[in-house]
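Worksheet: the structure to be examined is printed underneath.
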Amino acid sequence: MSVGLQRLRDEPDMLRRATADKGEDAGVVDRALDLDARRRDLLATGDALKAERNDASRKIGEAVRSGADPNGIQVAELKVASTRVAALVTGIDAELATVQAALDDAMLRIPNPADPDVPVGGEEANVIVRTWGDPLPRDQRRPHWELAEELGMIDNVRGAKITGSGWPVYLGAGSNLQRALIGWFLDVHTRESGMTEVWPPVLVNADSARGTGQIPDKEDQMYVATRDDLYLIPTAEVPVTNLHRDEILEAGALPIRYAAYSASFRREAGAAGRDTRGILRVHQFDKVEMVSFVRPGESEAELEWLTERAEALLQRLGLAYRVLLMATREMGFVQARKYDLEVWAPGVERWLEVSSVSNFRDYQARRMAIRHRADAAGKPQLVHTLNGSALALPRTVAAIIETYQQPDGSIVIPDVLRPYFGDRERIGPA
RNA sequence: GGAGGGGUGGCAGAGUGGACGAAUGCAUCGGUCUUGAAAACCGACGUGGGUGCGAGCCCACCGUGGGUUCGAAUCCCACCCCCUCCGCCA
């Protein structure tokens, strides 16, 4: 259940169109409608039979209580009737379980419809909302992997030895830069933006992976610890959003905002051979993620606010970037609206995605049963969830190295990070 | 990993195979009283689903999943989680 049965029944046309817009097979909508009808039918028959069975059992109870012999003929006669009904119930329940499972599966495969103003299409339909800073020309600049290797910051070869291709090792100033960025990001989010810091587990169970939508949509992108049936998280979004799974939040608790650092793991299945140099596409990377739980009416404003918080980091790092409103087929399963932040890397002359900020509306909340009470006496209603990276490290590191490189091969450290480097001003050849 | 104890409504905490969706207390909400508040008293108060215009009626849920039974919070089996002790360990 993700878009909700009510909506499935009320707006099937809209869901068919929205599903197709996201590049998915709209047939699931009709499959779900059909299963829902069968389920309700079975439910009605089953419930009626159960009522009959309960009634019969109640009569036996009353008879025994008023003195009838539990093993006598009178009770035996009563049992005959209720045994017959109980057998029917067993049959209906079995059929219902099958239909229910199929319906659950179908509902999990209906994507979250995109907001009405999201452009329909693929990459070509993305809209550049704004650009900040000046994308520097390449000039004599070199790609980050050359400098990082010369300065002993990143070792891909040894990473490949100890784990495999796409598992970089950060050393010396490279490691220090990771630590500086993580610390500074968290400091800004907690001290300036008031978010609560979280340090989550990096392995999660299947329920959690399903809650945020990694299962079944992105299952093959996750590493699985089969022996214990656990998944390595592809983003801190998974454990942090699941913090409130199956909870009813008290009135006045919202908004809840978290900032979490975690390592993130992605198999990058299907991307083998792409971006093999440097750290643009790796299996393990570090990221600080923002996660918000808000009242339904507040998620649109929250999306803009989270985007600003991510942008503020890039601005203070002095990196040129642009904000894209992503088109329907670029957006994935669970998002209703998504902004990508792309930073300019002059050494490779490319815009690199360093953040993705999304509004899920009530879609994840329904999967995870995260609700709140608008007031103390009110009925629980679903919250809206959002998240955004702020920021993913590897491409930010690449952009910093390429933007701040000097002709002599050293790298000037951005002002905001110097406190984390013992006030050093540059990373130079040892 | 071994031994023992335990998981029941927002919280605490009873619960004998049939009257139990579940006593009682606290919290919460509405009301009476009061100049106001407190106290006291009265009342309401779980979640999800089906059905009906509606009052309502029906079904399911006592950690999870199976089983026994006409009938399970209660009995049986498996698993998960928490607590105590022992062992191991960064």
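A, B, ... follow the sequence lines: proteins, then strands. Residue 1 opens every chain.
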In whole angstrom, give me the gap between the [atom1] atoms of [N] and [M].
N	M	atom1	value
B:A14	B:G6	C1'	16 Å
B:A73	B:C82	P	26 Å
B:G5	B:C58	C1'	40 Å
B:C88	B:C79	P	26 Å
B:A3	B:A23	C1'	35 Å
B:G18	B:G13	P	25 Å
B:U74	B:A60	P	15 Å
B:G4	B:C76	P	15 Å

I want to verify a distance call: between [options], whose nearest atom is closest to the [X] side chain?
X	options	answer
A:Asp47	B:A60, B:C70, B:C58	B:C58
A:Lys50	B:C59, B:G50, B:C70	B:C59
A:Pro380	B:C70, B:C59, B:U47	B:U47
A:Arg40	B:G50, B:C59, B:U47	B:G50

How long is the line joining [atom1] of [X] and [atom2] of [N], in whole Å?
X	N	atom1	atom2	result
A:Glu52	B:G50	CD	P	22 Å
A:Leu103	B:G50	CG	P	11 Å
A:Leu49	B:C58	CG	C1'	12 Å
A:Asp55	B:A19	CG	P	14 Å
A:Ile248	B:A27	CD1	P	21 Å
A:Leu96	B:G48	CG	P	19 Å
A:Asp246	B:G46	CG	C1'	15 Å
A:Leu42	B:U51	CG	C1'	16 Å

Side chain to side chain donor-acceptor pair (under 3.5 Å) assessment of A:Ser57 paired with A:Asn54 = CA-CA 5 Å; A:Ser57 293; A:Asn54 292 346; 5.6 Å; no
Output yes when at least one side-chain N/O atom of [X] is less than 4.0 Å from OP1 or OP2 of [N], else no.
X	N	result
A:Asn54	B:G18	no
A:Arg371	B:U47	no
A:Arg373	B:G46	no

Atom [atom1] of [X]: over 12 foreign heavy atoms under 6.0 Å:
X	atom1	value
A:Arg426	CZ	yes
A:Glu11	CD	yes
A:Arg38	CZ	no

Verify side chain to side chain donor-acceptor pair (under 3.5 Å) between A:Thr212 and A:Glu237, making sure each step is shown before the conclusion.
-> CA-CA 8 Å; A:Thr212 38; A:Glu237 163 196 355; 4.9 Å; no
[N] pairs with which nucleotide, Watson-Crick or G-U wobble, both distances below 3.5 Å?
N	answer
B:U16	none
B:C85	B:G2
B:U35	none
B:A23	none
B:U74	none
B:G46	B:C61

Base, sugar-phosphate, or nothing: which does [X] touch, judged by heavy atoms less than 4.0 Å apart?
X	result
A:Leu78	nothing
A:Ala56	nothing
A:Arg53	sugar-phosphate
A:Arg84	nothing

Toward the 5' end of RNA chain B, which comes first, A:Glu62 or A:Ala48, by nearest nucleotide?
-> A:Glu62
Hey, which sits more toward the 5' end of RNA chain B by its nearest nucleotide, A:Gln6 or A:Ile60?
-> A:Gln6
side-chain contact (heavy atoms from CB on, under 4.5 Å) test vs A:Pro168 passes for just one of A:Asp155, A:Thr163, A:Asn156, namely A:Asn156
Give a yes or no on whether the backbone of A:Glu402 and the side-chain of A:Gln405 come within a donor-acceptor separation of less than 3.5 Å.
-> yes
Ring geometry between A:Phe265 and A:Trp167 (parallel below 30°, tilted from 30 to 60°, perpendicular above 60°) = tilted
